Amino acid sequence: MDGTIGRTVQQTLQSPQMPPLPSLVTVLLNDVSASDTALTLELDDYQLIRAPAVHELVSFMLEYQPPLMHLVIGTREDPPLHLPLLRA
């Protein structure tokens, strides 16, 4: 795995004030885009997530994920994501 993925996010998290979560996800996706390493992110037991903000961030990641990034979601029920668009 590329050791540079996530470094920018780590540095951003060192700031005294927490940046907005969408900004952190954008920085992380930019790190993944800059890397030539394929990355698979697996989210298991997704049915346990109830926070709408998390679903929004996952939807954002799905919409803007780099070509070498794959997101695998393990769940026992349909998540509140735009599944018809993802299946097309």
Side-chain angles (χ1 to χ4, degrees):
M1 177 167 198
D2 187 339
T4 61
I5 296 175
R7 281 193 184 159
T8 310
V9 172
Q10 286 179 329
Q11 293 169 353
T12 305
L13 289 173
Q14 301 301 319
S15 64
Q17 185 174 3
M18 177 73 167
L21 288 177
S23 297
L24 290 175
V25 172
T26 300
V27 170
L28 181 61
L29 292 177
N30 287 340
D31 279 357
V32 173
S33 291
S35 172
D36 60 353
T37 304
L39 174 74
T40 301
L41 174 62
E42 182 176 341
L43 304 175
D44 197 14
D45 290 330
Y46 195 84
Q47 75 277 0
L48 300 175
I49 298 173
R50 300 289 180 227
V54 174
H55 299 306
E56 290 174 20
L57 288 173
V58 171
S59 292
F60 180 84
M61 269 198 313
L62 286 168
E63 187 173 347
Y64 295 104
Q65 71 183 6
L68 288 177
M69 180 179 169
H70 302 282
L71 181 61
V72 178
I73 298 175
T75 183
R76 294 181 181 194
E77 56 191 50
D78 283 345
L81 304 171
H82 301 290
L83 296 179
L85 291 174
L86 297 172
R87 289 179 179 143

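Note that this is a predicted model, so its numbers are computed, not measured.
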query: Does the side chain of Leu28 come within less than 4.5 Å of Ile5's, by heavy atoms?
result: yes
Starting at [atom1] of [X], measure out to [atom2] of [Y] and round the result to the nearest 0.5 Å.
{"X": "Arg7", "Y": "Gln11", "atom1": "CZ", "atom2": "CD", "value": "8.5 Å"}
{"X": "Asp78", "Y": "Gln47", "atom1": "CG", "atom2": "CD", "value": "11.5 Å"}
{"X": "Leu29", "Y": "Leu39", "atom1": "CG", "atom2": "CG", "value": "9.5 Å"}

- prompt: With Arg50, which residues qualify under salt bridge (charged side-chain N to carboxylate O under 4.0 Å, His left out), at least two apart?
  reply: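 Arg50 satisfies salt bridge (charged side-chain N to carboxylate O under 4.0 Å, His left out) with Glu77 only.
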Residues which pass side chain to side chain contact (heavy atoms under 4.5 Å, CB included) with Leu62, listed by chain and number, not counting sequence neighbours: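 For Leu62, the residues satisfying side chain to side chain contact (heavy atoms under 4.5 Å, CB included) (neighbours in sequence not counted) are Val58, Gln65, Leu71, Leu81, Leu86.
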message: side chain to side chain contact (heavy atoms under 4.5 Å, CB included) for Leu41 and Leu43? Distances and angles first, verdict last.
response: CA-CA 7 Å; Leu41 174 62; Leu43 304 175; 4.3 Å; yes
task: Output every pair passing salt bridge (Lys or Arg N to Asp or Glu O under 4.0 Å) with a member in residues 51-66, not counting sequence neighbours, ordered by first then second residue.
output: none
query: With sequence neighbours left out, which residue pairs that include part of residues 8-37 fulfil the ring pair (Phe, Tyr, Trp, His ring centres under 6.0 Å) condition?
result: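 The answer is none; no pair qualifies.
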task: Write out all pairs satisfying ring pair (Phe, Tyr, Trp, His ring centres under 6.0 Å) with one or both partners inside residues 10-51, taking only residues at least two apart or from two chains.
output: Tyr46-His55
- prompt: Counting only N and O atoms by type, is there a donor-acceptor contact under 3.5 Å from the side chain of Ser35 to the main-chain atoms of Val32?
  reply: no
Atom pairs and distances, donor-acceptor, side-chain atoms in residues 16-26, under 3.5 Å, two or more places apart:
unit_1 : atom_1 : unit_2 : atom_2 : d
Thr26  : OG1    : Pro22  : O      : 2.8

query: Linking I/L/V/M/F/W/Y whenever their side-chain heavy atoms sit closer than 4.5 Å, directly or via other members, would Val72 and Tyr64 fall into one cluster?
result: no
message: Hydrophobic clustering (ILVMFWY, side-chain heavy atoms < 4.5 Å, transitive) - are Leu57 and Leu48 grouped together?
response: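 No: no chain of side-chain contacts under 4.5 Å links Leu48 to Leu57.
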